[in-house]
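Residue numbering restarts at 1 for every chain, and letters A, B, ... go by the order of the sequence lines.
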Amino acid sequence: MAENLDFIREIVKRDTASGRYGGRVVTRFPPEPNGFLHIGHAKSICLNFGIAREFDGACHLRFDDTNPETEDMAFVESIMRDVRWLGFDWNGKLFFASDYYEQFFGFAVRLIEAGKAYVDSLTESGIREYRGTVTEPGRESPHRNRTVSENLDLFTRMRAGEFPDGAHVLRARIDMAAANMKLRDPLLYRIRHTSHYRTGDAWCIYPMYDFAHPLSDAIEGVTHSICTLEFENNRAIYDWLVETLFDAPRPRQYEFARLNLDYAVMSKRKLLQLVEDDFVSGWDDPRMPTIAGLRRRGYTPEGIRDFAARIGVDKANSRVSMELLEDAIRDDLNGRCPRVLAVLRPLKVTITNLPVDGIDWLDAPLWPRDSGRDGSRKLALAREIFIERTDFSEQPPEGWLRLSPGGEVRLANSGYIRCDEVVKDPLSGEVVELRCALDSGEDNPGGAGKRKKRAAIQWLSSAHAVRAEVRLYDRLCAVANPEDVEEGKTFKDHLNPDSVTVIPGALVEPGLAGVQGGDRFQFVRNGYFVADEVDSKPGAPVFNRIIELRDGYKANKAAPSPAPPAVRKPASVRTIPDERTRSRLAGPAQAARHDRFIATPGLTAEQADVLTSDPAVADFFEAALAIHPDARSIANWVVNDLLRELKGRALSRLPFGPPELAELAAMTDRQAITNPAARTIFAAMMAGGGKPAEIAARLGLDRVMSDSEIEAAVDTALAPLGEKVAEYRAGKTNLLGMFTGYAMRAVAGKADPAAVQRILGEKLGQA
RNA sequence: UGGGAGGUCGUUCAACGGUAGGACAGAGGCCUUUGAAGCCUCGAAUGAAGGUUCGAUCCCUUCCCUCCCAACCA
């Protein structure tokens, strides 16, 4: 397994090690069957199924089908196909939220019976009004305090179909004033007199995502429920439900950043628009970022999985550049595609020194030399051939390695041709034929020098080449971030009008006439191509360009990309305790205390702010200060160390009090213990309480090393680092930090850092 | 403006208090019967300010910036 795990795998690993779920790891991929999967889902699939695979667990495929209005069996099937194609298997763990409807109903009834859910009869807009806003608390619905029996009666009748859509909803009774809007009595059930693609008309009430999802996870024994960032606020509901309805160990939700790709749109809504407006040929159009589209485009599951691995998993919103995907795909294709010749835009070349009827059969390897793979096919070389129109230039730019009037170029797998004559259409002036002479192609060994460096171009005998349709694809969008559109425009205004180029008259080797849909090749110098699954027919091949080859020439000649817009760095702001700070203080007593702290020698204004932000913290500080009257020292402990630990718990539940902290500070200040030792002791106090002096004695931290002891320790630490020490002495002075780290570990907190550094400096100074 | 989550080379991910590293992209070079592939070299970052520490990308504080949340969608 990889050295550096992403934060989710880190959690899974920790849970596995601690036996939290008895060593079980169960993830799930839970799509709603209302559309096609896209590359963003692939990230999630690779994550969920990948974790299951790596930790010897299971990943369930569960269809989150709780909305009868949008879902369909066809989507279920396409999703299953796509997951399998990507190379994952749910091993029979196939589930549908709709199979849990009866259980869901039972859980809802339990919630009602416990007084934790109620039937609300407000209208949709009424509910919205009562919910409040992000800055104002909501108000309780007039129906919030219905009796249990009334709720039960209403809910049962909702199910029985006695009410029209929208008449009632079931809501969790949580907190209408919660700062987290999601917690303001979230809806659990709504009435929908609509047939469901699986349950038909059996139900007319349907559970909401926030209800169905956590329950499904818990029912299936999911351990790690991994979803995208936009569900962070929903986690509170998730936890509330699994905690009130299920026993430990409960599933936990973790969120990661969804994938955004440059030059692509990823939302189902937008993708649907592209299909409906006929901008693309369908969900599997080779330009679509759907799995079906990528498959038809010729992308490989291996390449996509490699891409998913390369982008990693994190919580930072990001937009991955297309190049990363393309590189992963190209990398995979490079190892698996035989090389063949194709001429996309043919230009006739007559080789004047070849006989009219003569044919040379050349042996041409299918794989590049460095691949180590064997295999070849015969290539016919005749008097009339075609080369790529773009491989000839009448007025070649500097550095041109291809053909030009009077110049020569190598024919792939053959010799050199020299362009003796350019034939043009008298009317249009277009070049229609080149008349060239072929020579053996050998350099003059030891002779008048080697030939000039030349390209080796693709070509095809006109009598043997087979016509093929070739489709070249470019990015769908003209801008990197189509989600970010200016006022009055939509993403459709930024679509690339030239995202596909069809070349009906391309030429390929005769061996490609009978390709099967899905066969992939590298057309030398033109890129990787796949025979189209749908349109390619025996005798009439159709190829999609999967991806171009990297092109050093084009890259060189490309216009320099415009400098990214300068990001304005925010001006730095100095913190000054001001009126705003004071207004945050809870009442005049705190304000008075704030004044007093500011006036206390050794305390900074900033510390005074922090100390008074919570009266309990201020109390703690003052109590400790009374025992060890060094304001600076106590404040540092409280502000830096105590506050950090307090993030997870209340001050009242601290396993020690102000006297212990004061004692710790005092011991440190009178140098009875070293600073590092004090920190170790603090950690021990946090873990289990106790007196600092006793802990110090127990851990052997109650004495400070002598210089000779430190020297011995430093020697030991430095011993295996000879190479690094040499580098240091050679001038790599930033290694000092590393040496200090090793040395500090060696003295285990029993030495004064200053002394360690002094001795270290002496040792390192010695040659 | 309430709550939540984020901010490391151009991009993306590492570094879990101890040498800021990889990949993609970029520049230069080697090699080459693919201007491919491969190989080598180089440039390039911790949002800001304070604080704690021998030492801070990492811990504390404040500020700035970005994203998410007020569907009977998921």
Nearest of [options] to any side-chain atom of [X]?
{"X": "Asn67(A)", "options": "rA14(B), rC73(B), rG38(B)", "answer": "rC73(B)"}
{"X": "Met744(A)", "options": "rA14(B), rG18(B), rA25(B)", "answer": "rG18(B)"}
{"X": "Ile127(A)", "options": "rU52(B), rC72(B), rU34(B)", "answer": "rC72(B)"}
{"X": "Asp314(A)", "options": "rU12(B), rU61(B), rA14(B)", "answer": "rA14(B)"}
{"X": "Ala455(A)", "options": "rG2(B), rU61(B), rG35(B)", "answer": "rG35(B)"}
{"X": "Glu10(A)", "options": "rA25(B), rC72(B), rC16(B)", "answer": "rC16(B)"}
{"X": "Asn636(A)", "options": "rG35(B), rU52(B), rC73(B)", "answer": "rU52(B)"}
{"X": "Arg550(A)", "options": "rU61(B), rA25(B), rG35(B)", "answer": "rA25(B)"}
{"X": "Gln757(A)", "options": "rC54(B), rC72(B), rG51(B)", "answer": "rC54(B)"}
{"X": "Glu606(A)", "options": "rG50(B), rC73(B), rU33(B)", "answer": "rG50(B)"}

When the distance from [atom1] of [X] to [atom2] of [N] is rounded to whole Å, what number comes out?
{"X": "Leu37(A)", "N": "rA74(B)", "atom1": "CG", "atom2": "P", "answer": "18 Å"}
{"X": "Asn640(A)", "N": "rU52(B)", "atom1": "CG", "atom2": "C1'", "answer": "4 Å"}
{"X": "Asn734(A)", "N": "rA56(B)", "atom1": "CG", "atom2": "P", "answer": "14 Å"}
{"X": "Arg454(A)", "N": "rU33(B)", "atom1": "CZ", "atom2": "P", "answer": "14 Å"}
{"X": "Asn4(A)", "N": "rC13(B)", "atom1": "CG", "atom2": "C1'", "answer": "9 Å"}
{"X": "Asp669(A)", "N": "rU52(B)", "atom1": "CG", "atom2": "P", "answer": "13 Å"}
{"X": "Glu136(A)", "N": "rU1(B)", "atom1": "CD", "atom2": "P", "answer": "15 Å"}
{"X": "Gln253(A)", "N": "rA5(B)", "atom1": "CD", "atom2": "P", "answer": "13 Å"}

Closer than 4.0 Å, any side-chain N/O of [X] to the OP1 or OP2 of [N]?
{"X": "Arg310(A)", "N": "rG22(B)", "value": "no"}
{"X": "Thr66(A)", "N": "rA74(B)", "value": "yes"}
{"X": "Arg339(A)", "N": "rU33(B)", "value": "no"}
{"X": "Arg62(A)", "N": "rA74(B)", "value": "no"}

What I want to find out is whether [X] reaches [Y] closely enough, with some N-O distance under 4.0 Å, to be called a salt bridge.
{"X": "Glu408(A)", "Y": "Lys452(A)", "result": "no"}
{"X": "Arg310(A)", "Y": "Asp327(A)", "result": "yes"}
{"X": "Arg171(A)", "Y": "Asp120(A)", "result": "yes"}

With respect to Asp391(A), which candidate in Arg454(A), Arg410(A), Arg525(A) satisfies the salt bridge (charged side-chain N to carboxylate O under 4.0 Å, His left out) definition?
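Testing Asp391(A) for a salt bridge (charged side-chain N to carboxylate O under 4.0 Å, His left out) against Arg454(A), Arg410(A), Arg525(A) leaves exactly one candidate, Arg525(A).
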Would you mind calling rA71(B) syn or anti? Take O4'-C1'-N9-C4 for purines or O4'-C1'-N1-C2 for pyrimidines, and syn is within 90° of 0.
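Judged by the O4'-C1' to base torsion, rA71(B) sits in syn, the angle falling within 90° of 0.
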Base-pairing mate for [N] - Watson-Crick or G-U, with both contacts under 3.5 Å:
{"N": "rC42(B)", "answer": "rG26(B)"}
{"N": "rG50(B)", "answer": "rC60(B)"}
{"N": "rC16(B)", "answer": "none"}

Angle between ring planes, Tyr206(A) versus His196(A), binned at 30° and 60°: parallel, tilted or perpendicular?
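Parallel.
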Aromatic rings Phe63(A) and Phe96(A): how do their planes relate, parallel, tilted or perpendicular, breaks at 30° and 60°?
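Parallel: the ring planes of Phe63(A) and Phe96(A) meet at under 30°.
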Earlier contact from the 5' end, RNA chain B, for Val320(A) and Asp210(A):
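Its nearest nucleotide lies further toward 5', so the answer is Val320(A).
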Give me the distances for all protein-to-nucleotides 66-70 of chain B N/O pairs that come in under 3.5 Å?
from	atom 1	to	atom 2	distance (Å)
rC67(B)	O2'	Asn317(A)	ND2	3.2
rC68(B)	O2	Asn233(A)	ND2	3.4
rC69(B)	O4'	Asn233(A)	ND2	3.1

For Tyr742(A), does the six-membered ring have the charged nitrogen or CZ of Arg745(A) within the cation-pi criterion, i.e. under 6.0 angstrom from the centroid and within 45° of the normal?
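Positive - Arg745(A) is close enough to the ring of Tyr742(A) and near enough to its axis.
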Is Arg235(A) positioned over the aromatic face of Tyr254(A), cation under 6.0 angstrom from the ring centre and no more than 45 degrees off axis?
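Negative - Arg235(A) is either too far from the ring of Tyr254(A) or too far off its axis.
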Trace of the side chain to side chain contact (heavy atoms under 4.5 Å, CB included) decision for Val340(A) with Phe523(A)
CA-CA 5 Å; Val340(A) 295; Phe523(A) 290 177; 3.5 Å; yes
